Amino acid sequence: TTVTNVKPAGKSKIIAALLGIFLGQWGVHNFYLGYTGKAVAQLLLSIFGYILLFVVVGFFMVAAAGIWGLIEGIMILSGSINTDANGNPLRD
């Protein structure tokens with residue numbers, strides 16, 4: 001038998017975008033796409049932001065993580081981010 005390289009079906013662009021828009025503050029869309037470094041950074045920013053929420057700086061950390069996720073969700077929808085961490089194109 002002959003073994004052929006079969007490319008896996010790409011991750012869903014719509015799912016990635018919705019995860020970014022609604023759960024992006026926690027880095028869920030980046031975990032989904034395989035960008036674990038960015039995902040962990042967003043997750044930690046949110047966690048420490050909520051811990052420090054009683055101090056003014058915590059509010060800005062939480063807001064920054066939320067805006068970051070929202071922007072990336074929009075970028076996924078617009079096609080600016082169009083591959084996963086392995087370089088596979090996102091499918092519609």
Side-chain angles (χ1 to χ4, degrees):
T1 62
T2 305
V3 177
T4 59
N5 281 340
V6 177
K7 284 194 112 179
K11 304 255 170 112
S12 170
K13 177 182 189 178
I14 298 298
I15 291 175
L18 290 174
L19 289 172
I21 291 168
F22 293 108
L23 299 172
Q25 172 182 17
W26 303 102
V28 175
H29 62 296
N30 282 318
F31 280 116
Y32 175 70
L33 294 176
Y35 296 109
T36 52
K38 274 199 308 186
V40 169
Q42 286 175 310
L43 181 62
L44 291 176
L45 185 64
S46 292
I47 289 171
F48 286 117
Y50 279 107
I51 290 171
L52 297 173
L53 203 55
F54 65 93
V55 182
V56 176
V57 71
F59 171 78
F60 293 107
M61 293 170 72
V62 170
I67 292 168
W68 182 4
L70 177 65
I71 289 172
E72 284 189 338
I74 293 168
M75 289 174 69
I76 292 167
L77 276 179
S78 71
S80 296
I81 298 174
N82 56 10
T83 60
D84 65 11
N86 295 321
N88 298 317
L90 300 180
R91 63 178 167 80
D92 290 326

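Because the structure is predicted, anything quoted here is derived from the model rather than measured. Hydrogens, waters and symmetry mates play no part in the numbers below; they use all other heavy atoms, side chains included.
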Colleague: Mark yes or no for whether N86, through its side chain, and N88, through its backbone, hold a donor-acceptor pair below 3.5 Å.
Modeller: no

Colleague: Would you name the heavy atoms of A17 and G73 that are closest together and state the gap between them?
Modeller: CB-O, 3.6 Å

Colleague: Does a side chain donor of either Y50 or Q25 reach within less than 3.5 Å of an acceptor in the other side chain?
Modeller: yes

Colleague: Just so I know, are the side chains of N82 and I76 near enough to count as touching, which here means a heavy-atom distance under 4.5 Å?
Modeller: no

Colleague: Distance check, rounded to the nearest 0.5 Å: S46 atom OG versus L23 atom CG?
Modeller: 10.5 Å

Colleague: For the NZ atom of K11 and the CG atom of L90, what is their distance to the nearest 0.5 Å?
Modeller: 9.0 Å

Colleague: Write down the atom of A65, the atom of Q42, and the distance for their closest heavy-atom approach.
Modeller: CB-O, 4.4 Å

Colleague: Could you tell me which non-hydrogen atom of L45 sits nearest to which non-hydrogen atom of M61, and how far apart they are?
Modeller: CG-O, 3.7 Å

Colleague: Under the criterion side chain to side chain contact (heavy atoms under 4.5 Å, CB included), I'd like the reasoning laid out for L33 against K38: C-alpha separation, chi angles, the key distance, then a yes or no.
Modeller: CA-CA 10 Å; L33 294 176; K38 274 199 308 186; over 6 Å; no

Colleague: Would you confirm whether Y32, through its side chain, and S12, through its main-chain N or O, come within 3.5 Å as a donor-acceptor pair?
Modeller: yes

Colleague: Can you name the closest pair of heavy atoms from V62 and G49 and give their distance?
Modeller: CG2-C, 3.5 Å

Colleague: Could you report the tightest heavy-atom contact between Y35 and D84, atom names first, then the distance?
Modeller: OH-O, 3.1 Å

